[in-house]
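Have a look at the structure below before the remarks.
Protein chains get the first letters and strands the later ones, always in sequence-line order, with residue 1 at the start of each.
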2 protein chains.
Amino acid sequence: MEEQNKKILLVEDDPNFGTVLKDYLMMNDYDVVHAKNGMEGFEKFKKDDYDLCILDVMMPYKDGFTLAKEIREKNTDVPIIFLTAKAMKEDVLKGYKVGADDYLNKPFDSEVLLMKIKAIMQRKATDTVADSKQFEFKIGRFDLNSKLRFLKFDGGEPTKLSPKENELLRLLALHENDLMPRELALTKIWRDDNYFTSRSMDVYIAKLRKYLKPDPNVEILNIHGEGFRLVINNK
Amino acid sequence: MEEQNKKILLVEDDPNFGTVLKDYLMMNDYDVVHAKNGMEGFEKFKKDDYDLCILDVMMPYKDGFTLAKEIREKNTDVPIIFLTAKAMKEDVLKGYKVGADDYLNKPFDSEVLLMKIKAIMQRKATDTVADSKQFEFKIGRFDLNSKLRFLKFDGGEPTKLSPKENELLRLLALHENDLMPRELALTKIWRDDNYFTSRSMDVYIAKLRKYLKPDPNVEILNIHGEGFRLVINNK
DNA sequence: TTCTTTTGTTAACGTTAGGTTAAACCTAAT
DNA sequence: ATTAGGTTTAACCTAACGTTAACAAAAGAA
């Protein structure tokens with residue numbers, strides 16, 4: 001389904017090589033942002049979160065090492081791979097000192113780069129813990145655990161929720177007693193707002209109402225033409 | 001505080017080069033054990049815990065790749081650096097597939113090697129903290145010893161586990177009652193995430209469920225599209 | 001009112017993920 | 001060579017999910 005692709009920041013001043021490399025990476029299911037020089041690279045880096053940076057060493061205005069240092073100041077963890085034309089020892093050492101994760105001499109084999117990327121990403125795979133977001137909600141007599149995707153009534157047997165059910169209920173809970181605009185759910189969960197996705201959402205609202213029936217103090221109200229409202233009557 | 005030196009297993013068949021390298025590393029405050037071939041390398045590896053393995057690829061009796069595979073069966077986490085005379089692409093790819101952390105072509109500069117070692121150690125320092133020392137788990141009425149790879153029920157006869165069975169159960173136990181993402185197991189244990197490895201993992205889940213059957217309070221639940229959850233009902 | 005649009009609900013369908021068993025495939029050890 | 005242990009691939013089946021259709025009921029507009 002919607003498995004998020006890994007995001008790569010590629011900073012390479014040679015437009016031909018840069019474009020070819022970008023296309024190659026994108027063909028291999030990476031989201032690539034291509035910056036043409038160090039300045040632009042840093043701007044783009046600040047604007048978004050990346051899973052990996054590939055930096056050319058020799059660039060006008062701001063070389064790869066300087067850029068890497070700036071990146072490291074903002075983020076100690078992003079893996080960095082350097083690309084360099086010459087195989088100079090000083091450069092390699094300098095690179096590792098700045099916290100490089102790997103090093104490649106141009107010209108290099110693209111498959112090798114791909115393997116290195118994979119290897120590096122795998123190392124980082126442990127850090128999935130990052131978002132200790134909000135996963136647990138109290139909804140009347142229900143408990144929603146949106147990480148493990150289940151709904152418990154009075155602490156009894158948990159009901160399993162499908163991804164869509166789960167996301168939708170979570171969105172409603174996030175807006176408890178308030179309007180949850182139709183459009184919000186459609187763009188966030190269905191990633192598209194048209195007649196069919198809208199109907200699909202209505203189907204899911206019906207499902208959720210069924211799940212929530214056991215507690216008469218919990219209901220999902222419709223606000224015609226606007227969206228839905230999860231109300232919890234606690235007297 | 002007595003900071004323990006890092007322990008390196010160096011497997012290199014050229015006696016001259018091996019000795020020089022060993023001395024150089026020891027001068028830089030590493031504890032180095034030098035094995036002269038793959039066989040000996042594996043023996044030494046089994047006898048002790050190492051923070052890093054440096055393996056020559058071309059060796060008589062047992063080449064570096066084979067050795068690496070055996071090492072990986074015992075330990076999924078030790079960093080491995082390959083040394084090779086020729087810069088063959090196939091070799092490099094093979095190396096990364098076996099789970100190499102880095103790659104060096106002979107002749108190489110010793111300072112470069114040192115930097116690579118430092119870089120790798122640093123990486124491991126951050127992400128190995130949490131789980132590296134955890135080998136024993138209580139799973140309901142079972143005891144899992146993931147170092148010796150066996151599972152005991154009620155303290156009775158231990159069932160031997162294969163490396164994959166063991167690693168998978170360990171990962172599940174590490175995330176007890178919580179989600180163990182599919183992707184995590186695939187990248188950490190299978191080192192690749194595709195249709196087939198995913199199916200392979202499912203086969204192992206089935207095996208584990210069989211092993212765990214004797215205790216009805218222990219089960220592996222699936223969270224569709226996300227992963228698995230080892231639940232232990234202790235009433 | 002009557003017409004139109006939006007929402008409620010159920011059922012059917014197609015697709016994909018997962019459960020399980022067995023066979024095929026290594027590769028190290030005999 | 002043969003065998004045994006471990007792992008992958010194949011095959012078949014069931015469960016889970018999401019979309020769409022169909023029809024009914026509300027709500028709002030005319």
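- Here the P atom of nucleotide D:dT20 and the OH atom of A:Tyr195 are 10 Å apart, to the nearest Å.
- In this structure, B:Glu73 atom CD and D:dT7 atom P are separated by 6 Å, rounded to whole Å.
- Each of A:Gly225 and B:Ser198 was matched to the nucleotide of DNA chain C holding its nearest heavy atom; the match closer to the 5' end belongs to A:Gly225.
- Between the CG atom in A:Asp102 and the NZ atom in B:Lys116 there is a gap of 5.5 Å [rounded to 0.5 Å].
- The interatomic distance linking A:Ile223 (CD1) with C:dG8 (P) rounds to 11 Å, in whole Å.
- The OH atom of A:Tyr211 sits 14 Å away from the C1' atom of C:dT9 (whole-angstrom rounding).
- No more than 12 heavy atoms of other residues, nucleotides or ligands shown are found within 6.0 angstrom of NZ on B:Lys69.
- Under 4.0 angstrom from either OP1 or OP2 of D:dA16 there lies no side-chain N or O belonging to A:Arg149.
- Taking atom CZ of residue A:Phe196 and atom C1' of nucleotide C:dC13, one finds them 15 Å apart after rounding to whole Å.
- Distances shorter than 4.0 Å separate some side-chain N or O of A:Trp190 from OP1 or OP2 on D:dT19.
- Paired with B:Tyr211 under the rule side chain to side chain contact (heavy atoms under 4.5 Å, CB included), one option of B:Leu161, B:Leu169, B:Val218 passes, and it is B:Leu161.
- Here the nucleotide nearest the side chain of A:Ser200, chosen from C:dT9, D:dT20, C:dA28, is D:dT20.
- Rounded to an integer number of Å, the gap from B:Tyr204 OH to D:dT9 P is 11 Å.
- Checking C:dT21, D:dC17, D:dA21 against the side-chain heavy atoms of B:Val203 singles out C:dT21 as nearest.
- Scanning atom types as modelled, one donor and one acceptor separated by under 3.5 angstrom connect the side chain of A:Arg199 and the base of C:dG8.
- Residue A:Lys210 is in sugar-phosphate contact alone, with no base atom involved, counting any heavy-atom pair closer than 4.0 Å across all strands shown.
- Remark: the backbone N or O of B:Arg149 is not paired with any side-chain donor or acceptor of B:Ser146 at under 3.5 angstrom.
- Between B:Phe142 and B:Phe137, the distance from one ring center to the other does not fall under 6.0 angstrom.
- Among the protein residues, B:Phe228 comes within range of the sugar-phosphate backbone only, with heavy atoms under 4.0 Å from sugar or phosphate atoms but none that close to a base.
- Among the protein residues, B:Thr66 comes within range of the sugar-phosphate backbone only, with heavy atoms under 4.0 Å from sugar or phosphate atoms but none that close to a base.
- Distance NZ (B:Lys69) to C1' (D:dT7): 11 Å, rounded to an integer number of Å.
- Remark: P of C:dT20 and NZ of B:Lys207 are 13 Å apart, rounded to the nearest angstrom.
- Within 4.0 Å (heavy atoms only), A:Asn222 reaches sugar-phosphate atoms of the nucleic acid but no base atom.
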